[in-house]
Asker: 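To start, I am sharing the structure in question, which I have written as structure tokens.
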Amino acid sequence: MDDVIAVSDPEVAQIIAAEQRRQETTLELIASENHVSPAVMAAAGSCLTNKYCEGYSGKRYYGGCGEYDKVETLAIERVKQLFGCGFANVQPHSGANANAAVFMALMEPGDTFLSVVLSDGGHLTHGSPVNMSGKWFNAVHYPLVYDESREDYGRIDYDEVARLAAEHRPKLILCGYSAYPRTIDFERFAAIAADCGALVMADIAHIAGLVATGAHPSPFPQCQVVTTTTHKTLRGPRGGLIMTNDEALAAKFDKAVFPGLQGGPLMHIIAAKAVAFAEALDPSFGDYCRQIVDNAGALAAGLLEQGCHLVSGGTDNHLMLMDLRPSWPETTGKQASAWLEAAGIITNKNTVPREERSPFTTSGLRLGTPALTTRGMKEPQMQQIAGLIGRVLNDQGCPETIDTVRAGVLELCQQFPMPH
Ligand code: DSN
């Protein structure tokens, strides 16, 4: 495929080749990224990109959709098996679209919903004032526990969730986060929602692979609606999903996705989702997800030994959130991630609880292990990588240190190639 592009469009081919080299020669610690299998990549690059298929299986607006009906049905059946749910919509182009469709299906403009304080690990589509969810709906935010002397420091403050739910009577309570390193108590959310007549929406974008394999508790049957992306721990193509056990809600979500928000579904991506779901149904994917969690534990332990401060003190899942303020008060997330990138370690700056810097600067770094685990790395490599990160931060981006660490990174990358 790359050869075909090289012949027809050398400019783009060069960019793709350079990006391939970047991925091969750096350590990907962005918690929301992964390396998909060649089969997923091939399906995403297949002839299924050529077709319009508005509608759903058996009810399309165009002729010639027979094979597309089959692949969409296959993807849906595999999702149902993977997550143990009754209904699924596999058409959302992204997690953001999946979330927007749920809002459109379940709320009227101005309605109230609850979600976490955004700088505490939430997401743009969970009520940010610059996003449709925050512009058109009334977002009320619940905090984490900020008191470091408490045992539940850095965890969701469930008492506050209950208090705010009773006070504001939201239609929807959102749980599921983009920078939360701890297990989510879906039962607790369901009990709080039942007391105020709300529905619970779990956005499991980050932990979907862990949920599918039992490495994190399932939001079913406690949550009425579950959204996710397909490209993080689930290791599929970029895209979104909506799942539920409620037939009436499923019909609303289908209408909200199409014709409510989207036009033609990306059928090549739906085929790639189906391929990824089959991979995730294989028992080996369970081993992979358990290794992601074990690797995150090892990386967190190693970082603590290096003097890093982790929000909540560690991790239960695939990610950890480093608060730079206690050890390096002058170092921003932006600066730290730039130093690490120069050394070949790719992370992202992230806000931390009670953040005072802007989201573009931040005081934190988010790190995750899904992509490193895909390359076959295990606990010893996590210890080694924690050491490399610690050196860069402790030496405050000293150029000689960056060079030495870069050499160590290249060696690791050669030992653990990406899937081919
Ligand atoms: N951008 C994703 C993340 O990095 O967590 C969430 O959509």
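Atoms within each ligand, like the ligands themselves, are counted from 1 in listed order.
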Asker: Are any non-hydrogen protein atoms located under 4.0 Å from atom 4 (O) of ligand 1?
Answerer: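 It does; a protein heavy atom is within 4.0 Å.
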
Asker: Give the numbers and elements of all ligand 1 atoms closer than 4.0 Å to a heavy atom of H206.
Answerer: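 Matching atoms, with element in brackets: 3 (C), 5 (O).
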
Asker: Ion pair present between D287 and R290, side-chain N to carboxylate O less than 4.0 angstrom?
Answerer: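 Counted as a salt bridge, because a side-chain N and a carboxylate O are separated by less than 4.0 Å.
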
Asker: Just checking, is any N or O donor in the side chain of R182 or S312 under 3.5 Å from an acceptor N or O on the other one?
Answerer: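 Yes, side-chain donor-acceptor contact under 3.5 Å.
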
Asker: Can you sort out which atoms of ligand 1 are near S178, meaning under 4.0 Å from one of its heavy atoms?
Answerer: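 It comes down to these atoms of ligand 1: 5 (O).
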
Asker: Is ligand 1 under 4.0 Å from a heavy atom in the side chain of E33, in the backbone, in both, or in neither?
Answerer: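 Near ligand 1, E33 shows nothing, with every heavy atom at 4.0 Å or more.
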
Asker: Can you check whether E28's main-chain N or O pairs, donor with acceptor, with Q23's side chain at less than 3.5 Å?
Answerer: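 No: the side chain of Q23 does not pair with the backbone of E28.
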
Asker: Checking R235 against Y288: charged group under 6.0 Å from the ring centre and within 45 degrees of the axis?
Answerer: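 Judged by the rule (NZ or CZ under 6.0 Å from the ring centre, within 45° of its axis), R235 counts as positioned above Y288.
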
Asker: Flag the pair R21 and E24 as a salt bridge only when some basic side-chain nitrogen lies within less than 4.0 angstrom of an acidic carboxylate oxygen.
Answerer: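 No, no charged N to carboxylate O under 4.0 Å.
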
Asker: With heavy atoms of S32 as the reference, note each atom of ligand 1 found under 4.0 Å away.
Answerer: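 Atoms satisfying the 4.0 Å criterion: 3 (C), 4 (O), 5 (O).
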
Asker: Give a yes/no verdict on a cation-pi contact between K349 and F360, requiring under 6.0 Å between NZ or CZ and the six-membered ring centre and an angle within 45° of the axis.
Answerer: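 Positive - K349 is close enough to the ring of F360 and near enough to its axis.
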
Asker: Suppose we measure from atom 2 (C) of ligand 1 to each protein heavy atom; which comes out shortest, and what is that distance?
Answerer: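 The answer is K232 CE, 3.9 Å.
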
Asker: Considering non-hydrogen atoms of the protein only, which is the closest contact for atom 7 (O) of ligand 1, and what is the distance?
Answerer: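 Its nearest protein heavy-atom neighbour is H123 NE2, 2.8 Å.
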
